[in-house]
Amino acid sequence: VQLVESGGGLVQAGGSLILSCAASGFIFDDYAIGWFRRRAPGKPREFVAGIIWSGGDTYYADSVKDRFAISRDNAENTVYLQMNDLKPEDTAIYYCAARYSAYIPRRDQEYDYWGQGTQVTVSS
């Protein structure tokens with residue numbers, strides 16, 4: 001099982017990034033996918049956005065609602081996180097995670113598989 005995030009980088013406030021999460025080793029269509037972030041070492045991972053297996057339902061943290069959009073391409077086993085109007089407080093390591101579920105878990109301990117993360121840094 002593997003989840004590989006990509007697309008992170010350094011961007012100015014107000015800019016945009018698209019993160020990708022490429023999955024392999026499991027039946028991707030059966031899994032909900034969540035994006036989490038950790039803003040600093042020692043801080044807990046916080047839920048950012050999630051999407052169910054079909055893409056028909058999504059959920060966002062209040063802090064990113066109307067700025068971020070999650071989507072998935074089951075043919076490519078990939079989930080995307082479009083991040084717009086980025087703010088310095090969005091600076092974090094972003095992780096994707098997979099859960100065999102028909103709903104969108106919002107607690108990190110509910111997820112089965114995790115990627116290694118990708119760094120997003122937003123300068124002011």
Side-chain angles (χ1 to χ4, degrees):
V1 172
Q2 197 170 24
L3 293 170
V4 179
E5 302 93 337
S6 60
L10 173 64
V11 64
Q12 287 190 324
S16 298
L17 282 173
I18 302 175
L19 304 185
S20 299
C21 171
S24 61
F26 61 98
I27 302 175
F28 185 71
D29 298 19
D30 288 343
Y31 282 70
I33 303 295
W35 282 98
F36 287 76
R37 65 187 180 188
R38 192 193 304 273
R39 299 195 203 191
K43 290 204 168 183
R45 282 182 293 210
E46 60 184 68
F47 176 83
V48 175
I51 189 166
I52 64 168
W53 66 273
S54 66
D57 191 23
T58 58
Y59 190 83
Y60 298 92
D62 288 343
S63 58
V64 306
K65 203 175 294 184
D66 299 327
R67 297 189 298 122
F68 291 11
I70 188 171
S71 61
R72 66 189 294 162
D73 183 344
N74 285 352
E76 297 293 329
N77 284 8
T78 302
V79 170
Y80 303 96
L81 185 68
Q82 170 76 50
M83 305 188 296
N84 299 322
D85 189 24
L86 282 160
K87 306 176 186 300
E89 53 264 39
D90 294 318
T91 294
I93 300 175
Y94 284 72
Y95 302 88
C96 65
R99 159 82 182 197
Y100 182 72
S101 172
Y103 67 97
I104 303 169
R106 294 161 208 176
R107 299 185 304 159
D108 58 356
Q109 56 263 49
E110 295 185 77
Y111 283 80
D112 302 312
Y113 308 125
W114 288 86
Q116 292 301 304
T118 185
Q119 177 72 49
V120 171
T121 303
V122 185
S123 63
S124 56

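Heavy-atom basis, side chains included; hydrogens, waters and symmetry copies ignored. Model, not experiment: these values are computed from the prediction.
- The CG atom of L17 sits 9.0 Å away from atom CG of L10, with the distance rounded to the nearest 0.5 Å.
- The 12-atom threshold is not exceeded at CD of Q116, counting heavy atoms of other residues, nucleotides or ligands nearer than 6.0 Å.
- For I93, the side chain to side chain contact (heavy atoms under 4.5 Å, CB included) partners at least two apart in sequence or on another chain are Y95, Q119.
- Contacts of Q82 classified as side-chain hydrogen bond (donor to acceptor under 3.5 Å, both in side chains), with partners at least two apart in sequence or in another chain: N84.
- How far CD1 of I33 is from CD1 of I52: 12.0 Å, rounded to the nearest 0.5 Å.
- Between the CD atom of E46 and the CG atom of D108 there is a distance of 10.5 Å, given to the nearest 0.5 Å.
- Qualifying side chain to side chain contact (heavy atoms under 4.5 Å, CB included) partners for A13, counting only residues two or more places apart in sequence or in other chains: P88, V122.
- Taking all atoms of both residues into account, the shortest heavy-atom contact from T78 to S20 is CG2-CB, 4.3 Å.
- The heavy-atom pair separating M83 from V120 by the smallest distance is CE-CG2, 3.9 Å.
- The same ILVMFWY cluster, assembled from side-chain heavy atoms under 4.5 Å apart, contains both V11 and Y94.
- For the disulfide bond (SG atoms under 2.5 Å apart) condition, the pairs that include at least one residue of residues 9-78, sequence neighbours left out, are C21-C96.
- Evaluation of the ring pair (Phe, Tyr, Trp, His ring centres under 6.0 Å) rule for F36 yields F47, Y111, W114 as partners, not counting sequence neighbours.
- Of all non-hydrogen atoms in A23 and F28, the two that sit nearest each other are CB-CD1, 3.5 Å.
- Between L3 and F26 the shortest side-chain heavy-atom distance falls below 4.5 Å.
- Cluster membership for L19 and I104, using ILVMFWY side-chain heavy atoms within less than 4.5 angstrom, is not shared.
- Two residues are said to be in side-chain contact when any heavy atoms from C-beta on lie closer than 4.5 Å; I70 and Y60 meet this criterion.
- If you chain together ILVMFWY residues whose side-chain heavy atoms come under 4.5 Å of each other, I18 ends up grouped with Y80.
- Both V64 and V79 belong to a single network of hydrophobic side chains, linked directly or stepwise wherever heavy atoms of I, L, V, M, F, W or Y lie under 4.5 Å apart.
- Listed by first then second residue, pairs satisfying salt bridge (Lys or Arg N to Asp or Glu O under 4.0 Å) with a partner in residues 76-93 read R37-D90, R67-D90, D85-K87, not counting sequence neighbours.
- Sorted by first and then second residue, the salt bridge (Lys or Arg N to Asp or Glu O under 4.0 Å) pairs with a member in residues 50-63 read D62-K65; sequence neighbours excluded.
- Residues forming a side-chain hydrogen bond (donor to acceptor under 3.5 Å, both in side chains) with R38 (at least two apart in sequence, or on another chain): none.
- Interatomic distance, CZ of R45 versus CD of Q109, reported as 9.5 Å (0.5 Å rounding).
- Sorted by first and then second residue, the salt bridge (Lys or Arg N to Asp or Glu O under 4.0 Å) pairs involving residues 2-19 (not counting sequence neighbours) form an empty list.
- In terms of the side chain to side chain contact (heavy atoms under 4.5 Å, CB included) criterion, residue partners of Y100 (sequence neighbours excluded) are, by chain and number, D30, Y31, D112.
- The two residues L81 and A49 make their nearest non-hydrogen contact at CD1-CB, 4.1 Å.
- By the salt bridge (Lys or Arg N to Asp or Glu O under 4.0 Å) test, R107 is found to be paired with E110, residues two or more places apart in sequence or in another chain being considered.
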